[in-house]
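Data first, discussion second: the structure below is written as structure tokens.
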Amino acid sequence: MNFSLYIAKRYLFSPGSSNAINIITGIAAAGVVIGAMALFLVLSGFAGLKDFSLQFSTYFDPDLKIFPSSGKTFTFNDTQKEKFKQLKGIAHFSEIVEERVFLEYRDKQKTTSIKGVDTNYHKVIQTDSILVYGDWLTNNDFQVVAGNGISRELSMGVEQTYTNLLSVYVPKPGKGIPNDPSKAFRTQKVVNIGIYSINEELDKKYIFATTALVRKLLELPPDKVTHIELKLTPEADQELVIQGLQSIFMNDVIIKNRVQLNDTLYKMLNTENLVSYLVITLIAIIALFNVAGAIIMMIIDKKDNVKTLYNLGASLLSIRRIFLFQGSLMTVLGTLLGLSLGCVLIALQQQFGLLMITPSLPYPTRITIVSFIVVFFTITIIGFIASLLASSRINQKLVT
């Protein structure tokens with residue numbers, strides 16, 4: 001066994017000659033454990049929070065979404081549809097026609113968006129997961145499904161008959177102010193047959209209808225769409241699919257994946273994660289420099305032993321390595337213990353909900369291999385640097 005490592009292990013696991021030295025060493029070791037545990041808890045908490053925030057996009061956002069490169073609509077004809085079906089990697093696709101509309105129900109009004117979808121939409125998006133009451137769209141072009149927020153603002157429930165109708169208004173294209181305001185809008189009366197709920201923002205954003213109804217309101221031809229949403233097969237190569245789609249549309253469209261559709265949310269979560277990591281790491285640095293203090297106190301405590309080792313032929317480098325190894329071993333063992341305690345706390349949180357956001361919603365957490373690796377290397381590198389600085393205090397003057 002390496003001489004320096006052997007002595008370091010003896011020094012680490014044997015009590016010092018002074019009770020104060022033992023207390024200082026214990027405090028330093030506790031700082032390593034707490035620092036590693038705190039950093040692991042923060043990273044696991046943000047991993048869970050990220051999953052919780054993005055689970056709504058899994059329900060609502062497709063794997064890929066096609067936008068027009070200019071204007072509001074683009075052509076999607078039968079030839080292109082056939083090419084879609086032949087393109088490897090596409091499981092399903094749905095034509096979308098979307099526009100801003102004005103809603104009126106009894107004596108209440110609201111501005112929102114209407115999203116026209118075809119019969120394949122439920123294969124692209126998990127409509128069963130977002131529908132909370134009533135039914136999803138059928139082939140009836142005079143039915144809609146409203147968001148929970150829209151339903152509450154309009155005091156509109158799910159109707160089984162055509163007694164209470166929702167009026168949908170779309171401005172007619174043109175310039176200037178029309179002489180007769182009543183002729184400035186195309187209107188259609190529909191019945192709300194279902195309510196969906198995703199999150200507070202999306203619940204107020206859309207009412208769903210058939211593409212035929214929205215095309216009628218906008219007076220669009222059957223081959224015009226505002227978007228196309230796609231679901232990919234599990235083994236699909238996303239980049240190859242995007243290249244194939246661009247060739248079908250002659251590079252005249254914009255294609256975004258789920259991450260790009262939620263780039264603002266991803267950036268916000270990643271920024272918050274990074275800032276929290278840096279703050280906890282700064283706290284860990286302060287705590288871990290207790291290791292340097294403990295090593296310096298140990299050097300003072302073992303001064304006579306150090307002189308003896310030097311007189312027996314040990315080099316200054318070997319003696320420095322003793323205390324470097326001692327601090328590094330303390331850091332590694334403390335990190336492993338901190339990670340273990342962190343895992344136990346995360347497991348208890350997942351099982352029993354120790355920390356609750358609401359009375360029915362425990363704070364989300366997720367253990368990842370990346371969290372283990374980041375915490376281990378962050379704490380051990382800081383601990384190694386602290387030990388290196390402390391062990392450098394050993395010089396010729398100390399051993400003579």
Side-chain angles (χ1 to χ4, degrees), residues 1-16 18 20-44 273-303 305-306 309-310 314-343 367-399:
M1 181 182 290
N2 183 283
F3 164 74
S4 298
L5 181 59
Y6 175 77
I7 300 298
K9 289 172 64 177
R10 293 292 300 270
Y11 282 176
L12 181 63
F13 295 110
S14 61
S18 169
I21 299 297
N22 296 332
I23 293 173
I24 292 171
T25 304
I27 292 173
V32 176
V33 174
I34 294 172
M37 182 178 67
L39 187 55
F40 181 76
L41 291 176
V42 167
L43 294 180
S44 298
N273 195 3
L274 177 61
V275 170
S276 299
Y277 167 77
L278 293 176
V279 170
I280 299 298
T281 300
L282 179 60
I283 297 172
I285 289 173
I286 297 171
L288 282 167
F289 269 88
N290 287 328
V291 174
I295 296 300
I296 291 173
M297 296 302 295
M298 186 65 71
I299 291 171
I300 296 172
D301 183 59
K302 302 294 185 182
K303 184 176 179 180
N305 293 16
V306 169
L309 291 172
Y310 183 75
S315 64
L316 274 178
L317 181 60
S318 297
I319 295 172
R320 286 172 182 159
R321 283 178 178 172
I322 291 173
F323 296 97
L324 174 62
F325 285 150
Q326 183 183 358
S328 299
L329 283 172
M330 182 191 300
T331 303
V332 170
L333 294 176
T335 302
L336 293 175
L337 179 57
L339 286 170
S340 300
L341 292 175
C343 281
I367 296 174
T368 65
I369 297 298
V370 173
S371 298
F372 276 102
I373 295 173
V374 169
V375 172
F376 182 81
F377 281 103
T378 298
I379 301 298
T380 53
I381 288 173
I382 296 171
F384 177 81
I385 293 172
S387 303
L388 185 63
L389 293 174
S391 63
S392 66
R393 304 276 300 185
I394 297 175
N395 52 34
Q396 190 68 37
K397 184 179 178 180
L398 183 69
V399 298

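A 4.5 Å side-chain heavy-atom check between Thr25 and Met330 finds at least one atom pair inside the cut-off. Two residues are said to be in side-chain contact when any heavy atoms from C-beta on lie closer than 4.5 Å; Phe323 and Lys302 meet this criterion. Looking at Ile369 and Ile373, their side chains come closer than 4.5 Å, going by heavy atoms from C-beta outward. Between Tyr277 and Val42, the closest side-chain pair of non-hydrogen atoms is not below 4.5 Å. Annotation: side chain of Val32 is in contact with side chain of Thr335 (closest heavy-atom distance under 4.5 Å). Inter-residue side-chain proximity for Leu309 and Ile322 is flagged as met; some heavy-atom pair is nearer than 4.5 Å.
One distance of note links CD1 of Ile382 with CD1 of Ile286; it measures 10.5 Å at 0.5 Å rounding. To the nearest 0.5 Å, atoms CG (Leu41) and CD1 (Ile280) are separated by 9.5 Å. A distance of 9.5 Å separates OG in Ser387 from CZ in Phe289, rounded to the nearest 0.5 Å. One finds the OG1 atom of Thr281 at 9.0 Å from the CG atom of Leu274 (value rounded to the nearest 0.5 Å). From Phe377, atom CZ reaches atom CZ of Phe372 across 13.5 Å, with rounding to the nearest 0.5 Å. Distance check: Leu43 CG to Thr368 OG1 gives 7.5 Å after rounding to the nearest 0.5 Å.
Between Val33 and the options Leu336, Leu341, Leu339, a side chain to side chain contact (heavy atoms under 4.5 Å, CB included) holds for only Leu341.
In plain terms, the two heavy atoms of Gly31 and Ala287 that are nearest each other are O-CB, 4.1 Å. Closest of all the heavy-atom pairs between Ala28 and Ala294 is CB-CB, 3.8 Å. Considering every non-hydrogen atom in both Ser44 and Ser371, the closest pair reads N-OG, 4.3 Å. Of all heavy-atom pairs spanning Ile379 and Ala284, the tightest one is CD1-CB, 3.9 Å.
Without hydrogens or angle criteria, Ser391 side chain to Leu388 main chain gives a donor-acceptor distance under 3.5 Å. Remark: side-chain polar atoms of Ser392 are paired, donor with acceptor, to backbone N or O of Leu389 under 3.5 angstrom. The backbone N or O of Ile394 sits less than 3.5 Å from a side-chain atom of Arg320, completing a donor-acceptor pair. Under the 3.5 Å distance criterion, the side-chain polar atoms of Ser4 are matched with a main-chain donor or acceptor of Ser318.
Summarising the local packing, CG of Leu278 is surrounded by more than 12 heavy atoms from other residues, nucleotides or ligands at distances under 6.0 Å.
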Worksheet item: How far apart are the C-alpha atoms of Val374 and Phe40, what are their side-chain angles, what is the distance that settles it, and do they pass the side chain to side chain contact (heavy atoms under 4.5 Å, CB included) test?
Response: CA-CA 9 Å; Val374 169; Phe40 181 76; over 6 Å; no

